[in-house]
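Step one of this worksheet: look at the structure below.
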Amino acid sequence: EGTTWNNSNYYSWKGGIYNTGFGCAGFAFMLSDAAFGNLPARMIKKFNPAEIRVGDIIHYSGHFVIVLELKESSFIVAEGNVNEQIFWETEKTHEYIRSGFEEYYTRYPAIATGDVNEDGKVDSADSSLVLSEYGLIQTGGRLTFTETQKKSADVNKDGKTDSSDASKILEYYGAVSTGKNPTWN
């Protein structure tokens with residue numbers, strides 16, 4: 001907290017979108033590399049707070065911050081080059097970010113249809129998660145899926161997460177397990 005970091009500080013990013021970042025961008029890139037190593041970054045132009053995750057870099061009003069914690073209506077961030085200093089655990093409301101939002105960068109791999117637990121494969125564990133979420137929906141429980149998981153779970157694209165999706169995930173997994181190359185159609 002309070003360490004000097006200004007536009008003369010730079011960092012060579014491994015994220016792949018930019019080679020180098022100066023000032024606030026360089027600081028965010030350095031922290032991103034510490035968390036994600038060589039994983040490539042993806043730029044997302046739509047601001048949806050429900051899809052932003054810990055470790056994502058938000059660019060707004062010409063400033064870059066990295067998300068440390070998610071709250072209901074705000075983010076806790078780390079930022080460099082604020083009055084030429086580093087600040088940890090600054091709270092930025094969603095509305096404040098939205099007012100100057102430019103894009104955000106994530107290094108989490110894109111979630112494939114059916115890969116609800118984000119482990120890189122579609123299997124029975126994904127189907128179980130969908131059934132658990134469906135049970136919460138039916139009983140009025142507190143839902144656990146992120147917006148991205150909801151999209152991944154809705155394999156039949158009917159706008160809801162239910163037992164039909166869980167069944168289709170199991171069918172897909174069964175086909176893959178027997179050497180077939182299935183599609184979601």
Side-chain angles (χ1 to χ4, degrees), residues 1 3 5-82 85-123 125-126 129-130 133 143-155 161 169 184:
E1 186 80 18
T3 300
W5 189 280
N6 55 40
N7 280 332
S8 64
N9 295 96
Y10 71 93
Y11 182 81
S12 296
W13 194 29
K14 298 174 188 167
I17 293 176
Y18 302 109
N19 293 330
T20 303
F22 289 84
C24 59
F27 184 70
F29 293 168
M30 180 176 62
L31 296 181
S32 178
D33 280 353
F36 294 100
N38 292 321
L39 282 176
R42 295 180 291 122
M43 179 190 306
I44 299 170
K45 291 286 203 176
K46 181 181 176 192
F47 182 69
N48 182 347
E51 292 186 359
I52 293 176
R53 303 179 190 181
V54 170
D56 287 347
I57 297 170
I58 303 173
H59 183 206
Y60 69 96
S61 302
H63 187 56
F64 289 80
V65 298
I66 189 162
V67 177
L68 301 177
E69 182 182 340
L70 308 170
K71 292 193 161 194
E72 188 173 322
S73 60
S74 64
F75 303 108
I76 304 298
V77 301
E79 54 191 331
N81 199 24
V82 175
Q85 296 178 336
I86 292 172
F87 290 94
W88 297 92
E89 299 185 27
T90 306
E91 188 164 2
K92 306 284 184 184
T93 66
H94 295 164
E95 288 312 308
Y96 179 74
I97 298 283
R98 184 186 313 278
S99 69
F101 180 75
E102 297 178 42
E103 71 269 342
Y104 78 92
Y105 304 88
T106 187
R107 291 173 83 175
Y108 289 93
I111 294 179
T113 300
D115 184 15
V116 182
N117 65 3
E118 305 172 345
D119 67 354
K121 59 185 183 255
V122 176
D123 58 19
D126 298 302
L129 281 175
V130 170
E133 190 77 356
L143 304 181
T144 62
F145 281 4
T146 65
E147 288 300 314
T148 305
Q149 286 176 304
K150 287 178 192 175
K151 289 177 187 172
S152 177
D154 184 17
V155 298
T161 302
I169 289 171
W184 289 105

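It should be emphasised that the depicted structure is a prediction, and the values quoted were computed from it without experimental measurement.
For the residue pair Ser152 and Asp115, no side-chain donor N or O sits within less than 3.5 Å of a side-chain acceptor on the partner. There is a side-chain donor-acceptor pair under 3.5 Å between Glu79 and Thr90.
Residue Asn7 comes nearest to Gly23 through the heavy atom pair OD1-CA, 3.5 Å, listed as atom of the first residue, atom of the second, then distance. Closest approach of Arg42 to Ile17, counting heavy atoms only: C-CD1, 4.0 Å. The nearest pair of heavy atoms linking Trp5 to Gly26 is CZ2-C, 4.0 Å. Summarising the geometry of Val67 relative to Val77, their closest heavy-atom pair is CA-CG1, 4.2 Å, with the distance given to 0.1 Å. The shortest non-hydrogen separation linking Thr20 to Tyr10 is CG2-CD1, 3.6 Å. When all heavy atoms of Cys24 and Gly62 are compared, the closest pair comes out as SG-O, 4.2 Å.
Considering OG1 of Thr113 and NZ of Lys151, their distance stands at 11.5 Å, rounded to 0.5 Å. If you take CD1 on Ile57 and CD1 on Ile44, they are separated by 12.0 Å, rounding to the nearest 0.5 Å. Between the CD1 atom in Ile58 and the CD atom in Glu102 there is a gap of 12.0 Å [rounded to 0.5 Å]. Ser74 OG to Ile97 CD1: the interatomic distance, rounded to the nearest 0.5 Å, is 9.5 Å. To the nearest 0.5 Å, atoms CG (Asn6) and CD1 (Ile86) are separated by 10.0 Å. In this structure, CG on Asp126 lies 6.5 Å from CG on Leu129, to the nearest 0.5 angstrom.
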Can you check ring-ring contact (aromatic ring centres under 6.0 Å, His included) on Phe36 and Trp13, steps first, answer last?
CA-CA 11 Å; Phe36 294 100; Trp13 194 29; over 10 Å; no
Full working for side-chain contact (heavy atoms from CB on, under 4.5 Å) between Glu133 and Val116
CA-CA 11 Å; Glu133 190 77 356; Val116 182; over 6 Å; no
Does Asp56 form a side-chain contact (heavy atoms from CB on, under 4.5 Å) with Tyr108? I'd like the steps, not just the answer.
CA-CA 8 Å; Asp56 287 347; Tyr108 289 93; 3.6 Å; yes
Given Gln149 and Thr161, is the side-chain contact (heavy atoms from CB on, under 4.5 Å) satisfied, shown in steps?
CA-CA 10 Å; Gln149 286 176 304; Thr161 302; over 6 Å; no
Could you walk me through whether Phe75 and Leu70 satisfy the side-chain contact (heavy atoms from CB on, under 4.5 Å) test, starting with their C-alpha distance in whole Å, then the side-chain angles of each, then the deciding distance to 0.1 Å, before giving a yes or no?
CA-CA 5 Å; Phe75 303 108; Leu70 308 170; 3.8 Å; yes
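No more than 12 heavy atoms of other residues, nucleotides or ligands lie within 6.0 Å of CG in Asn19, so this atom counts as exposed by the packing criterion. Heavy-atom neighbours of Glu147 CD from other residues, nucleotides or ligands within 6.0 Å: above the threshold of 12.
A 4.5 Å side-chain heavy-atom check between Glu51 and Lys46 finds every atom pair outside the cut-off. Contact of the Phe87 side chain with the Glu1 side chain is registered, since non-hydrogen atoms from C-beta on lie closer than 4.5 Å. Considering only heavy atoms from C-beta on, Tyr96 stays 4.5 Å or farther from Glu91 through its side chain. Side-chain contact between Trp88 and Leu68 is present, with at least one heavy-atom pair separated by less than 4.5 Å.
Between Asp33 and Arg107, at least one side-chain N (NZ, or NE/NH1/NH2) sits under 4.0 Å from a carboxylate O, which counts as a salt bridge.
Ring geometry for His94 against Phe47 counts as perpendicular: the plane angle is over 60°, on a 0 to 90° scale with 30° as the lower cut.
Between Phe101 and Tyr60, the ring center distance fails the sub-6.0 Å criterion.
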